[in-house]
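The next block holds one structure in the form of structure tokens; read it before the comments.
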Amino acid sequence: MGEFVKVATVAEIARGEAKAVEAGGKTIALFNLEGTFYAIDDTCTYEGGPLSEGIVVGTEVTCPWHGAVFDITSGAVLASPAPRDAARYTVRVNGEDIEVEVEP
């Protein structure tokens, strides 16, 4: 089981926005979808584009480099050219702190 690490505060990420955060030696894309927070790897599985800088529509993010589409809630690839899903991380809100579960 992993440990939860504070990566941001609720006020730092507006609804419909994303932010790249560091936790457990990984760069993670943290998304605010209507007040619920989700986290997936920030690195697109195609050529490494920053998913936190992608276009968010509903529960989908489009990689800004080559257009691969991922489900923000699961990390699943929804459109090529990405060859595999992005890792998903468990998120919890503790007061005003956003925490992501990572392996120690």
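Residues Tyr89 and Asp41 have side chains that bring a donor and an acceptor to within less than 3.5 angstrom of each other.
For the side chain to side chain contact (heavy atoms under 4.5 Å, CB included) test, residues two or more places apart in sequence or in another chain that qualify with Arg84 are Thr45. Every residue meeting the ring-ring contact (aromatic ring centres under 6.0 Å, His included) condition with Tyr46, not counting sequence neighbours, appears here in chain and number order: His66. Scored by the side chain to side chain contact (heavy atoms under 4.5 Å, CB included) test, Thr9 finds Lys6, Ala11, Glu12, Asp97 as partners (sequence neighbours excluded). The side chain to side chain contact (heavy atoms under 4.5 Å, CB included) check on Glu17 picks up Ile13, Ala14, with sequence neighbours excluded.
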Contacts under 3.5 angstrom, residues 53-60 side chains, donor-acceptor by atom type, not counting sequence neighbours:
none

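Contact record, Val77 with Ala82: CG1-O, 3.7 Å, taken as the closest heavy-atom pair. When all heavy atoms are compared, the tightest approach of Gly48 to Thr43 is CA-CG2, 3.4 Å. Residues Gly49 and Cys63 approach most closely at CA-SG, 3.8 Å, considering heavy atoms. Listed here is the closest heavy atom pair of Ala39 and Leu30: CB-CD1, 4.1 Å. Across all their heavy atoms, Ala29 and Asp42 have their closest contact at CB-OD1, 3.5 Å. Taking both residues in full, the closest heavy atoms of Val61 and Leu51 are given as CG2-O, 3.3 Å, listed atom of the first, atom of the second, then distance.
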Run the numbers on Phe37 and Val10 for side-chain contact (heavy atoms from CB on, under 4.5 Å), then give the verdict.
-> CA-CA 9 Å; Phe37 295 90; Val10 172; 4.1 Å; yes
Worked verdict on Val100 versus Val5 for side-chain contact (heavy atoms from CB on, under 4.5 Å) = CA-CA 5 Å; Val100 174; Val5 176; 5.8 Å; no
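Note on residues 69-78: pairs passing side-chain hydrogen bond (donor to acceptor under 3.5 Å, both in side chains), not counting sequence neighbours, are Asp71-Thr73.
Under a hydrophobic-cluster definition in which Ile, Leu, Val, Met, Phe, Trp and Tyr are linked whenever side-chain heavy atoms come within less than 4.5 Å, directly or via other members, Val21 and Phe70 are assigned to different clusters. When hydrophobic clusters are built by joining Ile, Leu, Val, Met, Phe, Trp and Tyr residues whose side-chain heavy atoms come closer than 4.5 Å, directly or via intermediates, Val102 is not grouped with Ile40. Transitive grouping of hydrophobic side chains (ILVMFWY, heavy atoms separated by less than 4.5 Å) keeps Leu33 and Ile98 in distinct clusters.
Note that CD1 of Ile28 and NZ of Lys19 are 13.0 Å apart. Values are rounded to the nearest 0.5 Å. We find the OG1-CD1 distance between Thr36 and Ile72 to be 12.0 Å, quoted to the nearest 0.5 Å.
Considering only heavy atoms from C-beta on, Val7 stays 4.5 Å or farther from Glu99 through its side chain. Contact of the Asn32 side chain with the Tyr38 side chain is not registered, since no non-hydrogen atoms from C-beta on lie closer than 4.5 Å.
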